[in-house]
Amino acid sequence: MSDRGTTSEGPRLSRAAAHRLSLYLRCLTAWPSEVEKISSSQIAAAVGVSDAQVRRDLAALGHLGQRGIGYDPRELTTVIREALGTHRPWRVVLVGVGNLGRALLRYQGFRSQGFEIVALFDNHPAKVGESLEGLLVRPLSDLPAVIHQEGAELAILTVPREAAQSVADCLVQSGIRGILNFAPVVLRLPPHVPLVTVDLAIQLEQLTFLVQHAHETVSPPLDE
Ligand code: ATP
């Protein structure tokens with residue numbers, strides 16, 4: 001992904017920059033509504049990156065803020081949401097209603113951020129037909145029709161690693177636009193379908209690495 005440039009859906013950002021924007025948004029959400037300005041150094045301190053990094057990231061979104069005065073938190077929130085695509089709701093299907101899938105289904109944070117899980121899928125005969133959180137668990141054969149009817153654009157994949165690639169292929173063939181994969185496997189998807197993988201064991205591995213080397217260096221991990 002290139003770091004600059006503009007697409008029909010907004011400015012092109014690197015994944016690292018998009019991740020920082022999500023963190024800035026968290027900071028803005030917690031910002032007291034009566035405080036009408038926020039400075040790059042206040043955002044930087046809250047998020048743990050340098051002041052210059054915040055200014056660079058926000059400059060890439062357009063002419064925002066005034067030197068010496070700061071940014072309007074509401075305007076910044078709107079612009080960052082547009083850049084990230086969360087200025088509008090997204091409809092999501094979840095495939096694999098095992099322990100992790102059910103936990104994600106119950107997680108309230110998705111809905112509050114504009115992500116609505118609209119359909120559930122599984123291939124286990126005992127699970128198909130079950131109702132979870134008011135949604136029917138459907139067989140995979142229903143994927144194309146349901147994705148179309150529900151206008152779902154994203155999928156959460158919580159099937160075991162052995163099943164993940166074939167289910168991902170079905171999702172792509174059914175017209176899904178992006179996949180959030182929780183299976184601990186590297187998936188191959190066509191370039192027009194973006195993939196984000198959350199491998200919880202890798203995250204823990206990264207933590208053990210950092211813990212082992214914590215005494216050696218102290219550097220801001222999110223700066224580029
Ligand atoms: P449980 O014991 O309830 O099945 P689990 O978290 O141990 O939970 P996993 O083996 O990780 O289950 O599987 C996650 C879910 O993915 C299960 O509900 C399983 O039925 C489902 N699943 C497995 N293979 C497929 C597939 N090919 N298509 C759709 N769903 C699948």
Side-chain angles (χ1 to χ4, degrees), residues 9-10 13 15 17-33 38 43 46-47 61 73-124 127-140 142-160 163-164 167-168 170-172 174-184 187 189 193-200 203:
E9 296 197 337
L13 300 162
R15 280 282 293 278
H19 182 215
R20 289 192 300 273
L21 290 183
S22 293
L23 298 177
Y24 304 163
L25 203 51
R26 287 268 195 283
C27 163
L28 287 161
T29 307
W31 194 248
S33 56
I38 188 166
I43 299 173
V47 167
L61 301 183
R74 274 170 305 181
E75 183 194 18
L76 208 49
T77 301
T78 304
V79 171
I80 293 178
R81 286 217 174 108
E82 278 170 6
L84 292 174
T86 52
H87 57 304
R88 64 150 172 113
W90 291 84
R91 294 168 74 77
V92 183
V93 299
L94 187 148
V95 188
V97 291
N99 292 304
L100 184 55
R102 283 192 297 257
L104 294 174
L105 180 60
R106 275 187 236 110
Y107 174 55
Q108 297 301 318
F110 288 144
R111 188 179 285 269
S112 65
Q113 306 266 16
F115 301 101
E116 190 184 358
I117 297 178
V118 294
L120 306 176
F121 296 88
D122 205 287
N123 76 341
H124 197 292
K127 295 185 179 182
V128 172
E130 207 184 326
S131 176
L132 294 173
E133 306 292 314
L135 292 170
L136 193 68
V137 180
R138 300 164 188 267
L140 248 55
D142 285 359
L143 260 180
V146 172
I147 284 177
H148 181 72
Q149 279 158 19
E150 292 288 345
E153 294 176 276
L154 307 179
I156 295 175
L157 193 54
T158 44
V159 297
V167 175
C170 285
L171 285 163
V172 171
S174 306
I176 213 75
R177 292 183 65 196
I179 297 178
L180 181 61
N181 168 43
F182 284 86
L187 296 179
L189 297 186
V193 183
L195 168 75
V196 170
T197 294
V198 182
D199 188 323
L200 297 170
Q203 299 294 322

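Quick caveat: nothing in here was measured; it's all calculated off a predicted structure.
The two residues P139 and F121 make their nearest non-hydrogen contact at O-CD2, 3.3 Å. The heavy-atom pair separating V92 from I156 by the smallest distance is CG1-CG1, 3.7 Å. The shortest non-hydrogen separation linking L157 to A168 is CD2-CB, 4.1 Å. Nearest heavy atom pair, residue R177 against residue P194, reads O-CD, 3.0 Å. Between H124 and D122, the shortest heavy-atom contact is N-OD1, 2.9 Å. Here the closest non-hydrogen pair linking C170 and L143 is CB-CD1, 3.9 Å.
Taking CG of L136 as the reference point, atom CD of E130 lies at 9.5 Å (rounded to 0.5 Å). To the nearest 0.5 Å, atom CD of residue Q113 and atom CG of residue L84 are 10.5 Å apart. The distance from atom CG of L105 to atom CG of L100, rounded to the nearest 0.5 Å, is 11.0 Å. For the atom pair OG1 of T29 and CZ of R26, the computed distance is 7.5 Å after rounding to the nearest 0.5 Å. To the nearest 0.5 angstrom, L195 atom CG is 5.0 Å from L189 atom CG. Note: L154 CG to I147 CD1 = 10.0 Å, rounded to the nearest 0.5 Å.
The only option from V146, V97, V128 that meets the side-chain contact (heavy atoms from CB on, under 4.5 Å) definition with L120 turns out to be V97.
Summarising the local packing, CD of Q108 is surrounded by 12 or fewer heavy atoms from other residues, nucleotides or ligands at distances under 6.0 Å. Residue H148 places its NE2 atom among 12 or fewer non-hydrogen atoms of other residues, nucleotides or ligands, all under 6.0 Å distant.
At least one donor-acceptor pair closer than 3.5 Å links the side chain of W90 to the backbone N or O of G85. Counting only distance, with no hydrogens or angles, the side chain of T158 and the backbone of F182 share no donor-acceptor pair below 3.5 Å.
Here the side chains of R15 and V196 are in contact, with some heavy-atom distance below 4.5 Å. In this structure, the side chains of T86 and F115 come closer than 4.5 Å at one or more pairs of heavy atoms. Proximity of L76 to Y24: side-chain heavy atoms (C-beta onward) are nowhere separated by under 4.5 Å. The closest side-chain heavy-atom distance from V93 to S174 is not below 4.5 Å. Counting heavy atoms from C-beta on, the side chains of L171 and V193 never come closer than 4.5 Å. Residues L13 and L61 are in side-chain contact: their nearest non-hydrogen atoms beyond the backbone lie under 4.5 Å apart. By the 4.5 Å heavy-atom criterion applied to side chains, L135 and L94 are not counted as neighbours.
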Side chain to side chain contact (heavy atoms under 4.5 Å, CB included) for V167 and N123? Distances and angles first, verdict last.
CA-CA 10 Å; V167 175; N123 76 341; over 6 Å; no
Run the side chain to side chain contact (heavy atoms under 4.5 Å, CB included) test on L25 and T77 for me, step by step, so that the C-alpha distance in whole Å, both residues' side-chain angles and the decisive distance to 0.1 Å come before the verdict.
CA-CA 6 Å; L25 203 51; T77 301; 3.9 Å; yes
Determine, step by step, whether L132 and R102 satisfy the side chain to side chain contact (heavy atoms under 4.5 Å, CB included) criterion, reporting the C-alpha distance in whole Å, the side-chain angles of both residues, the deciding distance to 0.1 Å, and the verdict.
CA-CA 8 Å; L132 294 173; R102 283 192 297 257; 4.0 Å; yes
For V95 and L140, run side chain to side chain contact (heavy atoms under 4.5 Å, CB included): C-alpha distance rounded to whole Å, both residues' side-chain angles, the deciding distance at 0.1 Å, then the answer.
CA-CA 8 Å; V95 188; L140 248 55; 3.8 Å; yes
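E153 and R88 are joined by a salt bridge, as a carboxylate oxygen and a charged side-chain nitrogen come within less than 4.0 angstrom of each other.
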